[in-house]
2 protein chains.
Amino acid sequence: MRRVTVRDVAARAGVSVSTVSRYLNGSLRVRPAVAERIDGAVAALGYRPHPLARRLATNSARTIGLLVPGITNPFFARLAEELETSAYDHGGYSVLLCDTKSLASREREYTELLSHGLVDGLVYCGMNPANEALAEAIERGLPVVLVDEDVEGLPPVPRVFVENAEGARRATAYLVSLGHRRIAYVGGPGELMTARERLRGHREALEAASIAFDPALARMGPYTDAFGFDAMNDLWRAGERPTAVLAANDYQAAGVMRAARALGLRVPEELSVVGFDDMPLSRYLTPALTTVHQPVEEIARQALDTLLGSIQGRDGAVMNRVLAVELVVRESAAPPASGRVGA
Amino acid sequence: MRRVTVRDVAARAGVSVSTVSRYLNGSLRVRPAVAERIDGAVAALGYRPHPLARRLATNSARTIGLLVPGITNPFFARLAEELETSAYDHGGYSVLLCDTKSLASREREYTELLSHGLVDGLVYCGMNPANEALAEAIERGLPVVLVDEDVEGLPPVPRVFVENAEGARRATAYLVSLGHRRIAYVGGPGELMTARERLRGHREALEAASIAFDPALARMGPYTDAFGFDAMNDLWRAGERPTAVLAANDYQAAGVMRAARALGLRVPEELSVVGFDDMPLSRYLTPALTTVHQPVEEIARQALDTLLGSIQGRDGAVMNRVLAVELVVRESAAPPASGRVGA
DNA sequence: GTGAAAGCGCTAACAA
DNA sequence: TTGTTAGCGCTTTCAC
């Protein structure tokens with residue numbers, strides 16, 4: 001069963017292929033009789049334009065790439081969902097999913113693959129500080145927007161981040177306002193900008209409260225439940241007894257809570273815990289996790305707008321968008337058990 | 001900056017385009033001198049084949065579509081991750097993500113879009129019992145494999161399901177073995193095969209234990225936390241006091257637990273709760289949820305194998321694979337408070 | 001082994 | 001308006 005092409009439609013409608021093409025693309029008003037004949041032929045033959053052929057001819061893939069460290073991370077899943085919806089609504093763009101498993105090698109390979117016509121643009125959420133292929137791709141003209149995490153050594157490229165430092169600042173300030181002074185910090189890996197920024201915010205908030213930052217109360221590592229668990233146990237074993245801990249990620253916070261429970265600590269009565277990201281998970285924890293909310297929809301919208309802007313050659317994209325975060329107070333933080341702490 | 005094409009490479013290497021093409025695709029051994037010249041030209045020019053052009057010429061998109069009701073559902077996120085990995089490893093296939101938001105309209109539109117050459121095959125996870133466009137697409141020859149949920153009125157097409165009934169059977173039998181006899185059931189919407197099958201398994205297990213199925217103890221609705229919450233409250237308000245509830249989905253189970261807590265019921269001491277799916281969530285609930293595990297990796301692997309099989313024209317795909325599930329016992333179920341129940 | 005040329009199915013520049 | 005025709009960049013017969 002051969003494929004039905006414009007040619008067949010044209011033949012049946014008794015017009016030329018270009019007329020069919022233009023009529024179907026709406027770039028032409030034909031007279032009613034012709035229109036009717038074309039419509040008839042299309043229906044009779046069951047004609048459908050071949051997307052690949054169209055894309056090759058127009059030099060537009062009508063697809064954007066979404067590169068993420070892991071689609072099972074709810075943050076990226078939400079981002080994917082929102083992006084996909086927006087893309088679909090903005091002229092029927094499709095989304096090619098690239099899951100790198102946080103591997104630098106995959107990030108490179110995918111960037112390579114995408115950068116030669118497969119997609120019209122790329123929303124890039126890296127988990128590694130560098131990507132040579134990305135720099136090249138951007139130089140060659142691939143529209144790219146960086147989301148969430150920074151990449152070094154790139155030509156100027158629009159970025160959409162959130163107020164990482166401010167989020168940690170607020171979370172810490174909140175803990176301070178509750179009366180905590182021994183606040184432990186479980187943070188992300190130092191190579192990541194988000195991790196560094198959140199740490200910075202934490203330290204600034206401590207400073208503002210005239211509390212000295214104590215390195216012995218801080219642990220840095222991967223954004224995982226397991227690391228949070230280990231970090232908390234480690235803290236305790238080392239004789240560091242914070243009354244509160246701020247985790248730079250909800251998975252880590254969940255791990256901290258799990259460890260606290262294992263250590264016989266009641267949350268929030270004996271230990272306050274605050275997270276970061278506001279994953280769905282945080283609502284299901286007991287007690288429900290107080291955490292810093294990321295405006296995922298907004299991130300997705302801004303990223304897509306910016307990307308579509310540069311794809312369509314619209315210039316003057318805002319280069320750095322920094323979106324506001326919000327502290328969501330739930331149940332995992334309370335005043336320290338020992339009552340107020342002396343100055 | 002014009003794009004570098006095979007032509008440019010051929011010219012620079014002093015050979016014809018067909019030689020370059022064949023050499024690059026490995027379908028030809030050229031003599032060393034020529035090979036070297038071509039390699040040199042490719043490197044010097046920074047040539048990269050245009051994927052779309054190649055796809056048009058070979059009539060193969062090297063992409064598979066993944067249609068899911070929602071990528072934020074961890075089950076589908078996991079499926080996407082596994083599928084993407086397998087596809088990437090199996091000859092560098094990419095995956096086009098289609099999130100339908102459980103909308104029948106989106107399912108149709110996406111099917112339409114994909115079925116005309118955009119992808120070589122489709123992994124279809126529908127949430128609606130019918131899809132005309134899908135039937136047509138299959139008829140026209142699009143390789144499709146149905147996963148998780150069935151669709152009616154389709155030509156013969158391979159399916160990968162799990163033992164839904166058996167899972168519910170085991171969960172119920174487990175509850176019975178603990179001593180429960182008043183077991184409520186919170187199930188999925190009746191249009192879905194998974195929902196019907198799970199209910200069937202539940203009923204069969206009750207029957208096997210000589211317990212009459214009591215419709216007053218059952219509630220059917222969407223696979224959401226909110227519905228679980230409402231169903232549990234409703235059950236209680238109606239004066240139905242089960243000692244255990246089996247939910248057909250972990251979200252629902254989470255909602256049931258939330259409602260139980262709100263009603264002042266301790267889980268599992270006063271109410272046992274068992275879920276279905278084994279989402280990551282279930283591990284974070286307090287108490288950790290006993291639930292039926294779905295073998296996601298296995299599902300993804302089977303689906304991809306089957307799909308790639310039909311894409312490559314390999315015939316004789318197994319039409320119906322039914323994968324085994326497993327009851328994961330955690331902490332949310334225990335013997336009923338009232339001790340043993342008379343026969 | 002290598003080259004010329006004809007597509008893949010569509011769009012768009014140019015002519016009529 | 002409509003038709004003719006030359007691409008988009010690649011693969012692949014078919015001859016040499």
Side-chain angles (χ1 to χ4, degrees), chain A residues 1-39 41-42 45-63 92 113 115-120 140-141, chain B residues 1-39 41-42 45-63 92 113 115-120 140-141:
Chain A
M1 195 159 75
R2 224 187 83 271
R3 196 192 164 82
V4 182
T5 77
V6 254
R7 274 192 144 62
D8 303 316
V9 176
R12 192 173 222 270
V15 295
S16 77
V17 290
S18 58
T19 301
V20 174
S21 172
R22 284 175 293 201
Y23 169 65
L24 259 26
N25 291 324
S27 66
L28 171 72
R29 239 204 336 270
V30 301
R31 42 175 224 276
V34 175
E36 208 170 293
R37 292 217 308 280
I38 296 181
D39 287 335
V42 167
L45 267 32
Y47 168 75
R48 293 274 127 186
H50 188 137
L52 257 35
R54 188 206 293 262
R55 286 162 192 209
L56 180 60
T58 55
N59 188 28
S60 126
R62 276 205 114 44
T63 301
L113 176 66
S115 65
H116 295 279
L118 236 199
V119 298
D120 296 326
R140 254 200 326 274
Chain B
M1 195 156 76
R2 226 187 81 270
R3 193 190 167 86
V4 181
T5 76
V6 255
R7 273 191 144 66
D8 304 316
V9 175
R12 192 174 221 269
V15 295
S16 78
V17 290
S18 56
T19 301
V20 174
S21 172
R22 284 177 292 204
Y23 168 65
L24 259 24
N25 291 325
S27 67
L28 170 73
R29 238 202 338 270
V30 300
R31 42 177 225 275
V34 175
E36 208 170 294
R37 291 217 309 280
I38 296 181
D39 287 335
V42 167
L45 267 31
Y47 169 73
R48 294 271 127 188
H50 188 135
L52 256 34
R54 190 207 292 268
R55 287 162 189 206
L56 179 60
T58 57
N59 189 27
S60 125
R62 275 205 116 44
T63 301
L113 176 66
S115 65
H116 295 280
L118 236 199
V119 298
D120 297 326
R140 254 198 327 272

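To find a chain, count down the sequence lines: A is the first, B the second, and so on, and within it residues start at 1.
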Chemist: Can you list everything that forms a side chain to side chain donor-acceptor pair (under 3.5 Å) with A:Arg37? Sequence neighbours excluded, please.
Modeler: none
Chemist: Please name all residues satisfying side chain to side chain donor-acceptor pair (under 3.5 Å) with B:Arg7, sequence neighbours left out, ordered by chain then number.
Modeler: none
Chemist: Check side chain to side chain contact (heavy atoms under 4.5 Å, CB included) between B:Ile38 and all other residues, then give those that pass, not counting sequence neighbours.
Modeler: B:Val9, B:Ala13, B:Val15, B:Thr19, B:Val20, B:Tyr23, B:Leu24, B:Val34, B:Val42
Chemist: Between the side chains of A:Arg140 and A:Ser115, does any donor sit under 3.5 Å from an acceptor?
Modeler: yes
Chemist: Return the set of residues passing side chain to side chain contact (heavy atoms under 4.5 Å, CB included) with A:Ala11 (not counting sequence neighbours), or none when no residue passes.
Modeler: none
Chemist: Rounded off to whole Å, could you give me the CG-to-P distance for the A:Leu45 and C:dG9 pair?
Modeler: 14 Å
Chemist: B:His50: what forms a side chain to side chain donor-acceptor pair (under 3.5 Å) with it, not counting sequence neighbours?
Modeler: none
Chemist: Does the protein touch nucleotides 9-16 of chain D at the base, only the backbone, or not at all? Give it as B, S and - per nucleotide, heavy atoms under 4.0 Å.
Modeler: BBBBBB--
Chemist: Would you mind reading off the distance between A:Tyr23 atom OH and D:dG3 atom C1', rounded to a whole angstrom?
Modeler: 18 Å
Chemist: Please give, in whole Å, the distance from D:dT2 P to A:Leu24 CG?
Modeler: 14 Å
Chemist: Looking at D:dT2, I'd like to know if its phosphate oxygens (OP1 or OP2) sit under 4.0 Å from a side-chain N or O belonging to A:Arg31.
Modeler: yes
Chemist: Roughly what angle, to 10°, lies between the helix axis at the start of the helix from C:dG1-D:dC16 to C:dA16-D:dT1 and the one at its end, five pairs per end?
Modeler: 40°
Chemist: How close or far is atom P of D:dT1 from atom CZ of A:Arg37, stated in whole angstroms?
Modeler: 15 Å
Chemist: B:Ser18: which residues meet the side chain to side chain donor-acceptor pair (under 3.5 Å) condition with it, sequence neighbours left out?
Modeler: B:Ser16, B:Arg22
Chemist: Going by the salt bridge (charged side-chain N to carboxylate O under 4.0 Å, His left out) test, which pairs reach into residues 8-20 of chain B, not counting sequence neighbours?
Modeler: B:Arg2-B:Asp8
